[in-house]
Number of protein chains: 2
Amino acid sequence: MNEKVTIYDIAKKLKTSAATVSRALNNNPNISESMRQLVFETAKKMNYKQNKLALALKSGKSNNVGVIVPYIDRSFFSSIIRGIEDELYPRGYRVIISQTHETEQKEIDTINMLLNAQVDGILMSVSKFTATNSHFKRVLDNNIPLVFFDRRYKMKGVSSVVIDDFQGGFDATNHLIKLGCKHIAHISGDMSLEIYRNRYEGYKTAIEDAGLEFNPTYVIESKNDIEAGQTAVDFLLNLETPPNAIFSSSDYVALGVIQKLKERGFNVPQDFCVVGFSNEPFTKFMELTMSTVDQCTVEMGKMAALVFLEQVKNSKIKIEKKVQLSPQLIIRGSSSKKL
Amino acid sequence: MNEKVTIYDIAKKLKTSAATVSRALNNNPNISESMRQLVFETAKKMNYKQNKLALALKSGKSNNVGVIVPYIDRSFFSSIIRGIEDELYPRGYRVIISQTHETEQKEIDTINMLLNAQVDGILMSVSKFTATNSHFKRVLDNNIPLVFFDRRYKMKGVSSVVIDDFQGGFDATNHLIKLGCKHIAHISGDMSLEIYRNRYEGYKTAIEDAGLEFNPTYVIESKNDIEAGQTAVDFLLNLETPPNAIFSSSDYVALGVIQKLKERGFNVPQDFCVVGFSNEPFTKFMELTMSTVDQCTVEMGKMAALVFLEQVKNSKIKIEKKVQLSPQLIIRGSSSKKL
DNA sequence: TTGTAGGCGTTATCAG
DNA sequence: CTGATAACGCCTACAA
């Protein structure tokens, strides 16, 4: 029933021109106050809605930003997106979400679609299996801001927001050392990924700084799931000198670790301390709550949004901003013994 | 460096017209094969990207759909969104996300923005505090499909996808009855919300169908958090005839229930059975895993997307589709005793 | 202060 | 088969 009403319709009813209506609506100074009032009233009366599409075509700015993540239903990513949306919505930007399902092909497709859709910026976390970067270059060539968060692809001209994984690994390990643990093992994710290498480096540095012996057999590279944690424990406990603490770069692995430890009769944290990484929601709902490292996800999202906004503001200057947020060690039941 | 290339640029280079280029690119039959080839090649060579904005303005279809949820970082909503995106992306739709933070004002604002942005449809879960419906009417007046999922506002002409909350409540309670529990309490969320009333009705019906006595003092209305569960247990255990099982319409409340029960020396599930609702991720990571009712969130998202697509296809007919998905009772540790 | 005209990039219509 | 032209809705010189 409600056919779309345009500024022409308003102009016709007011026996004036579309230009006048446009000026009135945009609070252009060169217009009489009476006319402005009149236009506003009839616009409201006729239920006029500005067509942002036309505006976008004209101005070249869509006021849409694309956000690309592997999966939106991982708490880590959804809370980053929350931060982004919270920050960008009040500034009039709409957030377009896409998932890559961790495949490079979908990442490429998605970027092409977003480019076609004339987004004003792309904020993304790189898919695990991305090996090429020409699609990122294309974004840059089109002169639209590209901001990586968490997982980045190292290249020139791109800003990124990550947490200080080294610091996180260091803090977690150091906490275990302070608790009196002398034999601390580390279960890492895929070391070909920067984030896991950095957490590992933090671990190693903490060990060495404390004058403890670094033992390479205490370092296990594994998948990020519960089973991997269980398997790792079985392996570690069979060593000649088994560890009495574990820092895991994944909360899921840490969960498997705790399960297996209990199964084998250990008391956590009295006999054995465990610290995970990510502050997944479940870590605080467990019977024995888990110590972990919080990655400030909402904060990370907000920061990514702010970096984007800054680039938009200074569109002439090419900024390459690297923001590194400090992770937050959260001490809970799995590593709280007092010695 | 890479200035935007349009079909005019291609036409110029090929000394032909934009119309021809457009036809070639769109595989219009009225064009010579040689021309088509030539256009495709040079388009690729010049790195041409179709401007979807212009197309959208021309066609009136933006190929964007708006999705509105209270908060994107709740696992319930993010996995619905995942379902929506998975379904819509391959069909060329992009998904615009916004959060209402459970306020009606932001819901209204968001709908206005999305309308201005000429979205082709709106899929949403109504904010808890929404009391009016004129913004929904506006969507309908603009003739764009509106699909509610989970929380709906009862009104004519709007499709919705919900789960059968009655069934969920019934199944959960019936499961407890079959386990031999005779005194089953129910902790409900805000009864002014349809979903909680329905779960309650399911509970009540199961009790009565089994020939057990329905006891109104066993029904508690509370907030959806851990503390509320703890408080409720304290209250229930002080009754003359305390219950020996609880069906909670929230997993968080159920978690508080289990915590408090253990604190007071009960063994779950031997002395006391508990079933929650929602299948929050943490329920399967707890030491004592929790029985709950899964709401098929990804499925719900997919279904909402399909209902939208159907409405787009038959745009002349006004469809008002009510889809009700069956919830899935998941039996885990907190209610698994054999009698 | 107001109106006219042109253009943003496409596609559709109508001639040729 | 191909080319000009109008139109989608808006903004903005430029002219009046």
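Only a predicted model underlies this, so the values are computations on that prediction, with no experimental measurement involved. Each chain gets a letter, A, B and so on, in the order the sequences are listed, and its residues count up from 1.
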Report task. Respond yes when some side-chain nitrogen or oxygen of A:Gln50 is under 4.0 Å from OP1 or OP2 of D:dC11, and no when none is. Result -> yes

Once you apply a heavy-atom cut-off of 4.0 Å, does A:Lys52 come out as touching a base, just sugar-phosphate, or nothing? nothing

Looking at A:Lys13 and A:Asp9, does any basic side-chain N land under 4.0 Å from a carboxylate oxygen? no

Checklist entry - Is the shortest side-chain N to carboxylate O distance from B:Glu107 to B:Arg151 below 4.0 Å? => result no

Quick one: are B:Leu146 and B:Met124 in side-chain contact, heavy atoms under 4.5 Å?
yes

Which of B:Lys49, B:Lys52, B:Lys4 passes side-chain contact (heavy atoms from CB on, under 4.5 Å) with A:Gln118? It is B:Lys4

Expected rows: protein N/O vs nucleotides 2-6 of chain C N/O, under 3.5 Å:
residue: C:dT2; atom: OP2; partner: A:Ser32; partner atom: N; Å: 3.4
residue: C:dT2; atom: OP2; partner: A:Ser32; partner atom: OG; Å: 3.4
residue: C:dG3; atom: OP1; partner: A:Thr16; partner atom: OG1; Å: 3.4
residue: C:dG3; atom: OP2; partner: A:Thr16; partner atom: OG1; Å: 2.3
residue: C:dG3; atom: OP2; partner: A:Ser17; partner atom: N; Å: 3.1
residue: C:dG3; atom: OP2; partner: A:Ser17; partner atom: OG; Å: 3.2
residue: C:dG3; atom: OP2; partner: A:Thr20; partner atom: OG1; Å: 2.6
residue: C:dG3; atom: N7; partner: A:Arg23; partner atom: NH2; Å: 2.6
residue: C:dG3; atom: O6; partner: A:Arg23; partner atom: NH1; Å: 3.0
residue: C:dG3; atom: O6; partner: A:Arg23; partner atom: NH2; Å: 3.3

- Does a salt bridge link A:Lys302 with A:Glu299, judged by any charged N lying under 4.0 Å from a carboxylate O? no

Rounded to whole Å, the CG-P distance (A:Leu25 to D:dT12) equals 13 Å

Notebook entry, point to check: Is a donor on one side and an acceptor on the other found under 3.5 Å between the side chain of A:Ser59 and the backbone of A:Leu55?
Noted result: yes

When rounded to whole Å, the NZ to P distance for the pair B:Lys12 and C:dG9 reads 12 Å

Look at A:Asn51 and D:dC8 and indicate whether a side-chain polar atom (N or O) is within less than 4.0 Å of OP1 or OP2.
no

Whole-Å distance, B:Asp9 CG to C:dC8 P, equals 10 Å

Item to check | Ion pair check, B:Arg36 and B:Glu33, cut-off under 4.0 Å | outcome: yes

Assign each of B:Ala54 and B:Glu33 the nucleotide of DNA chain D bearing its closest heavy atom; nearer the 5' end lies the nucleotide of B:Glu33

Within-4.5 Å side-chain heavy-atom neighbours: A:Arg23 and A:Thr20
yes

Here the distance between atom P of C:dG9 and atom NZ of B:Lys49, to the nearest Å, is 16 Å

- Message: Could you go through B:Asn112 and B:Arg138, starting from their C-alpha distance and side-chain angles, then the distance that decides it, and tell me whether this counts as side-chain hydrogen bond (donor to acceptor under 3.5 Å, both in side chains)?
- Response: CA-CA 9 Å; B:Asn112 285 338; B:Arg138 220 175 305 136; 2.3 Å; yes

Between CG of B:Asn116 and C1' of D:dG9 the distance, given in whole Å, is 13 Å

Rounded to whole Å, the CG-P distance (B:Leu14 to D:dC1) equals 17 Å

Separation of D:dC10 atom P from B:Leu53 atom CG, nearest Å, is 14 Å

A:Leu57 atom CG is separated from C:dG7 atom P, nearest whole Å, by 14 Å

- Checking all strands, does A:Asn28 fall into the base, sugar-phosphate, or nothing category for heavy-atom contacts under 4.0 angstrom? nothing

Rounding to the nearest 10°, end axes of the helix from C:dT1-D:dA16 to C:dG16-D:dC1 built from five pairs each make an angle of 50°

